[in-house]
Structure formats: C-alpha cells, structure tokens
Amino acid sequence: MSEVRTRFAPSPTGFFHIGSARTALFNWLYARATGGTFVLRIEDTDKERNTQEFLDVILESMRWLGMDWDEGPQVGGDYGPYFQSQRSDFYKQKVRELMDKGRAYEKDGAIWFRLEGERETVYDDFLKKEYERVHAAPVIIDDIIRGRVERAEDRDFVIVRGNGEPVFHLVNVVDDIAMKITHVIRGEDHLSNTSKHVELYKAFGVEPPKFAHIPLILKTEGSGKMSKRDRGALIEEYQSRHFLPAAVRNFLCMLGWTPKDGREILPIEDIIAQFDLADVHQANARFDERKMAFFNQEYLRALPDESFAWLAAPVLGEAKVIDDKTDEDYLQKVLALCKPKMNALDTLPNFVGYFFTEDFPIDEKALAKQSKRGDPAARCRELVPALEAAADVAPATIDALFEKLGAENGVKPTDYFAPMRLAVSGQAGGPGLHELLELLGKERVLSRVKKFVEKFAK
RNA sequence: GCCCCUUUCGUCUAGCCCGGCCUAGGACACCUCGCUUUCACUGAGGCGACCAGGGUUCGAAUCCCUGAAGGGGCGCCA
C-alpha cells in the first residue's frame, strides 16, 4: 500500500453531476493506480440543503459506476467521522488555533482569515464596495496538471459564517489535513481558490498536498460548463435510461485523458494500469452525447447473450412489454435475435414490442416513405393468398414465394421485403426478416399481413 | 473590472516537454461505394484542423512575444 491518499468530497444536493462523477473517477483511478487509499467525505456543512435522501443519490451513483471507497460512509476508517456535519467541534478547535496565532479575527459576527501583508482601502468596481486590499506575497501552486501557477490572494476571507457554520475553504483544508490527503484532485473551477487554501495550510504550519486541477466538461452547444439542466448532465439520467455503467465510466475516462496505447474502449483494469495524473489534459472538453451513445452501444454488443438477456428482461418488464406469464424460452429467442441490432437498452421496449402483442403501432414515417416508392398495402394483398397456401414461413419458403409473386405481378422479389416487415413489425428496421418471420410463426404473420391490408389498402 | 487557466478536424483527441520522421494520425458524427434479394453488422474510401500576428531557426503544430477567443474564480455557496 502506497502513501497516496485521494478523496472525493461531494456535497449532497440531490443529484450527481457528470463533472463530479469524473472528478470522483480520477481520484479513484489515481488511488487504484498507485495502490493508495480513496476516501469519500461528505461535505454537508450547509444543513438546509442536505438530507439522507440526497446522500443516497451520491452513494448509489458511486456504487453504480463501480467506484468503491476505502474510507467513508458505510465503510468507516481511521480518520472519521466522514461527515462534516459531525466534525464541528474539530473545526471550532482549529479556528481557535488560528485566532490564537493571530491569523483569524471576528468582524460583523463572522470569523475572517487574516492575510499577511500591507493593507490599503480600495474600491472594488465589480462588487461595488470598499474593501481592505492586502498586498500578500503570491502563493505558488505546483499543480501536477497545470504546472506552476502563481496567484496572490488580496483580501481576507470568511472562514466561519455569522450563524456559526464553518465555510467550505476552511473545512476542506482542515479535513484534508486531518485525513492525511496527499493529492487533491478536483475541477479547475477550484484553481483560483487554491491560493486561499494554500494560505490556510501555511497558517496551520502544514505542507500543502499535491494539487491536480482537472479540466471542466462543457455544454454540447452554447457556452459554459455542463449544468444540471443540460441533457446528459446527471448520472441518474444514464441509470434511468439503462446505460451500462462500465460504458459510462469508460467514456468519462476519455474526457480529459487518453491511454497511451491508443485504445478508447478498454477494460477498467487496463485504464487503471495506464492512468497517470500528469497525462490529464489541460483544456476543457465538450460533452458529446453521440459518442457516449457509441460507447454504450459497443459495451452492449460485447455482452454475452445471457448477460444481455439478464439486463434486458427487467427493462421490458418495467415497460410492461412482458410480464410473469411471458414464455421464457420465447423471450430468450427474441432477445438473441435482437441483440446484434440494438444500440441502447432504453430503445428495447419499442424495438421488440411487436413480438409480444398484436396491438403494435405502425411507423407512420416508414409507411409514408415506402408509399412513395410503391404501394406496400398492394404488395401485402398479393402476399395473403400465397401465405395461406404456404406450409410454413421458413426462409426458403419465403424466398420462393417472393420470387413467384414478383414474376406474377411485374415487380422485383425484393419489393416484398419492406412491406412485409412493416406489416408484421410496424417498423422499417429490426432483426433479419427471415428469422423474424420464423420466430413469429405463420399464423401471426398471416393475420398481421391481413390486418395491414385491411387498414391501408386503397 | 481584476486575477487564473486554456486554444490541433463539427466533437473527443495523438503529436508539443526533448523543433525536422507531420503532404498532421486515430475515434465519434456525416457522406460515397462494396457485401447483404430486406434490416443491421461489416469492409473500403471521402469530407475535415495546427486561433491570429510577429519573432527565433536552414527548418515550428512543436520554442518565445503580443493579441484575440473560450473557460473559470473574485459569496457569511460548495
């Protein structure tokens, strides 16, 4: 076990943002890559915004993405408690320490951190008020990802609010010291505030940890970083849409980091083996939903048939496409047929619905499109007597039948494929027609084709 | 307004640290053709970028400077 200790310190707000997930992921990856320890600490200092329910969202999402923590809620550890709401006495003690050292003072009911340096009163154009500007020596941050960053803090800042609650900057640093965190890996949005944190470390007489500020995930379109209202921004969305967690995790890894071996889709063990903080990019990445979908599709296709069936059945159950009475053997056959054509589990109910009901919709667009090139209902009408006469709907039978009908009616045999598919499935695409017909069986095929003729024949 | 970070195809990126192997490679998306008597998979090809301007150098995507653009921070939010 190495000395490396990373942490993810979320604030339970009721949702798990994709950016937070990636921050957690990089912390987790680095701990795993170095044989270190990954700590989960809950920053619930803002009591009004935190509930048990909100906490569960985070813990569940972490587990879903396969990020296990070595210390933290539910698992304990030697540096607890891991909830900031349970550490107030400790914070009070550390604030006392700063006051004793003359590095903190009370003003307007709050407690402020005192910077060292010459002071002058200045008017702030941006905040539209006067403040005491401090000419403090610049702080040097030796960032693993960004290199040397120099920044001077120029005004005292609040560390304990008027209501007695400690502020993020204070508790974050105090806890990182107490929990012996060696690497602080977080979003670039914290980079500017890092000078505050380093000032605190110095005031406590502690060597700051190594910092690594990772780039942000930007909106697909428009300006700014992903916000919770953006499509694809919340991990819950992927969960409810039945994305494969390994796919989401793999995709997240590729946003801001690339493996040396050039692969994009690779097992997490291989990612861990290659991951290094120094290789994390410096520039922000724009989120691309389509590439996320591609990763998901690749993972889905790679699934063994049993695993696919195991995942698919609940999705179909939830959508009420199947129930307890559904024949298991038939279900397995349908899933085996559809698996190679699927690109996402959330489209599955729609994709296979017609296998389980006679009451399925006909895709209007597909119908309109086909009608432009021919008359699907007419082709189907020609099919009815031929199907009635046929012994079965096996591939060879169907081929012969199309051949014969094409010659009789002056059209190509292939002209029957699309209309027939539309009649029996209501869709323009799907599994191979031959297999599809055979699985449905002659009776259902015939009745569906008849029904289609009745409904759409001119 | 002040401060910090960033800048290669539409998007994710390789290359950049240690200048020539870069007529800039890959992936997603898009387009074309082939395979498949349907759908899909797949195969082959195509489209498409070094932010701009100055330097340094025999030579710059790679080094330096300036500018522009994008992002972030400046809160008794985290």
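Numbers restart at 1 for each chain; the letters A, B, ... are given by sequence-line order, proteins then strands. Everything quoted here is computed from the prediction, not taken from an experiment.
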Check your understanding: Would you call A:Arg231 and A:Glu289 a salt bridge, using N to O less than 4.0 angstrom?
Key -> yes
Exercise for review: Please check if the distance between the ring centroids of A:His197 and A:His169 is under 6.0 Å.
Suggested key: yes
Review point. According to the Watson-Crick and G-U wobble definitions, with both distances under 3.5 Å, which nucleotide is paired to B:G53?
Key: B:C65
Revision key, fill the gap. Whole-Å distance, A:Leu337 CG to B:C41 C1', equals 14 Å
Practice item. In whole angstrom, give the distance that lies between atom CD1 of A:Ile217 and atom C1' of B:G70. Key: 17 Å
Exercise for review: Just call it for A:Ala9: base, sugar-phosphate, or nothing, with non-hydrogen atoms closer than 4.0 Å on any strand.
Suggested key: nothing
Review point. On a plain distance test, is the side chain of A:Lys291 in donor-acceptor contact with the base of B:A27 below 3.5 Å?
Key: yes
Check your understanding: B:C16 and B:G53: how far apart are their P atoms, nearest whole angstrom?
Key -> 24 Å
Check your understanding: Of the nucleotides B:U11, B:G71, B:A78, which one has an atom closest to the side chain of A:Asp288?
Key -> B:U11
Exercise for review: Carefully, step by step, assess A:Arg41 and A:Glu71 under the rule salt bridge (charged side-chain N to carboxylate O under 4.0 Å, His left out).
Suggested key: CA-CA 8 Å; A:Arg41 179 175 76 225; A:Glu71 292 177 23; over 6 Å; no
Check your understanding: Mind checking the C1' distance from B:U57 to B:G19? Whole angstroms is fine.
Key -> 9 Å
Point to revise | Note: A:Asp375-A:Arg381 ion pair, threshold 4.0 Å (strictly below) | key: no
Practice item. Answer with yes or no whether A:Arg421 presents, from its side chain, a donor or acceptor under 3.5 Å of a partner atom in the base of B:U38. Key: yes
Practice item. Give a yes or no on whether a salt bridge exists between A:Asp156 and A:Lys107, defined as a side-chain N under 4.0 angstrom from a carboxylate O. Key: no
Review point. When the distance from CD of A:Gln297 to P of B:A40 is rounded to whole Å, what number comes out?
Key: 12 Å
Exercise for review: Could you give me the CA-CA distance, side-chain angles and deciding distance for A:Asp399 and A:His434, then say whether side-chain contact (heavy atoms from CB on, under 4.5 Å) is met?
Suggested key: CA-CA 9 Å; A:Asp399 283 344; A:His434 288 132; 2.9 Å; yes
Exercise for review: Using a heavy-atom cut-off of under 4.0 Å over every strand shown, decide if A:Leu433 touches base, sugar-phosphate, or nothing.
Suggested key: base
Review point. Within the structure shown, what part of the strands sits under 4.0 Å from A:Asp108 by heavy-atom distance: base, sugar-phosphate, or nothing?
Key: base
Check your understanding: Rounding to the closest angstrom, what is the interatomic distance between B:G48 and B:C28 at atom C1'?
Key -> 13 Å
Review point. Hey, is the side chain of A:Ser192 pairing donor to acceptor with the base of B:G72 inside 3.5 Å?
Key: yes
Practice item. In whole angstrom, give me the gap between the P atoms of B:U7 and B:C63. Key: 10 Å
Review point. How is A:Asn193 classified with respect to the nucleic acid when contacts are heavy atoms under 4.0 Å: base, sugar-phosphate, or nothing?
Key: base
Review point. Looking for any heavy atom pair under 4.0 Å, which part of the strands does A:Glu264 touch: base, sugar-phosphate only, or nothing?
Key: base
Practice item. Provide the distance between the two P atoms, one in B:G59 and one in B:G54, to the nearest whole Å. Key: 15 Å
**Study point:** A:Gln282 side chain near B:C5 phosphate (N/O to OP1/OP2, under 4.0 Å)
**Key:** no
Check your understanding: Base, sugar-phosphate alone, or nothing: which one does A:Lys225 contact when heavy atoms must sit under 4.0 Å apart?
Key -> sugar-phosphate
Study note, to complete from the structure: On RNA chain B, more 5' by nearest nucleotide between A:Val167 and A:Leu191 is A:Leu191
Review point. Whole-Å distance between B:G72 C1' and A:Asp189 CG?
Key: 7 Å
Practice item. For A:Pro245, enumerate each residue passing the side chain to side chain contact (heavy atoms under 4.5 Å, CB included) test, keeping only those at least two apart in sequence or located in another chain. Key: A:Trp64
Point to revise | Same-atom distance (C1') from B:A49 to B:A29, integer angstrom | key: 16 Å
Point to revise | Nearest-angstrom distance, P atom, B:A52 to B:A60 | key: 15 Å
Exercise for review: Write down the partner of B:G1 under the Watson-Crick or G-U wobble criteria, each distance required to be under 3.5 Å.
Suggested key: B:C74
Study note, to complete from the structure: Atom CZ of A:Arg146 and atom P of B:U7 are separated, to the nearest Å, by 9 Å
Exercise for review: Looking at every strand, decide which applies to A:Gly224 at a 4.0 Å heavy-atom threshold: base, sugar-phosphate, or nothing.
Suggested key: sugar-phosphate
Point to revise | P spacing across the pair B:C22 / B:G15, given as an integer number of angstrom | key: 15 Å
Review point. At under 4.0 Å between heavy atoms, what does A:Gly262 touch on the DNA or RNA strands: base, sugar-phosphate, or nothing?
Key: nothing
Exercise for review: Give a yes/no answer on whether the side chain of A:Arg161 brings an N or O atom under 4.0 Å of OP1 or OP2 in B:A78.
Suggested key: yes
Review point. Looking for any heavy atom pair under 4.0 Å, which part of the strands does A:Ala283 touch: base, sugar-phosphate only, or nothing?
Key: sugar-phosphate
Study note, to complete from the structure: Taking B:U13, B:C3, B:C5 as options, the one with an atom nearest any side-chain atom of A:Ala285 is B:U13
Exercise for review: Would you indicate what A:Glu150 reaches in the nucleic acid, counting non-hydrogen atoms under 4.0 angstrom: base, sugar-phosphate, or nothing?
Suggested key: sugar-phosphate
**Study point:** Closest-nucleotide 5' rank along RNA chain B - winner of A:His190 and A:Gly256
**Key:** A:Gly256
Review point. Does the side chain of A:His169 get closer than 4.0 angstrom to OP1 or OP2 of B:G75 through an N or O atom?
Key: no
Check your understanding: Is there a Watson-Crick or G-U wobble partner for B:A44 with both distances under 3.5 Å, and which nucleotide is it?
Key -> B:U32
Exercise for review: Using a strict cut-off of less than 4.0 Å between a Lys/Arg side-chain nitrogen and an Asp/Glu carboxylate oxygen, indicate whether A:Asp279 and A:Lys260 qualify as a salt bridge.
Suggested key: yes
Review point. Closer than 4.0 Å, any side-chain N/O of A:Ser223 to the OP1 or OP2 of B:G71?
Key: yes
Check your understanding: Just checking, any donor-acceptor pair under 3.5 angstrom between side chains of A:Glu165 and A:Tyr91?
Key -> no
Review point. Rounded to the nearest Å, what distance is computed from the CZ atom of residue A:Arg286 to the P atom of nucleotide B:U13?
Key: 12 Å
Review point. NA contact type, A:His213, heavy-atom cut-off 4.0 Å: base, sugar-phosphate, or nothing?
Key: nothing
Review point. Which nucleotide, in any strand shown, forms a Watson-Crick or G-U wobble pair with B:U11, with both distances under 3.5 Å?
Key: B:A27
Which protein N or O atoms sit under 3.5 Å from an N or O of nucleotides 30-37 of chain B?
none

Point to revise | Nucleotide B:A29, atom P - distance to CZ of A:Phe294 in whole Å | key: 6 Å
Point to revise | Aromatic A:Phe26 / basic A:Arg22 pairing, under 6.0 angstrom, 45° off normal | key: yes
Exercise for review: Please report, rounded to the nearest Å, how far the C1' atom of B:C17 is from the CZ atom of A:Arg148.
Suggested key: 17 Å
**Study point:** Charged N-O contact under 4.0 Å between A:Asp175 and A:Arg7
**Key:** no
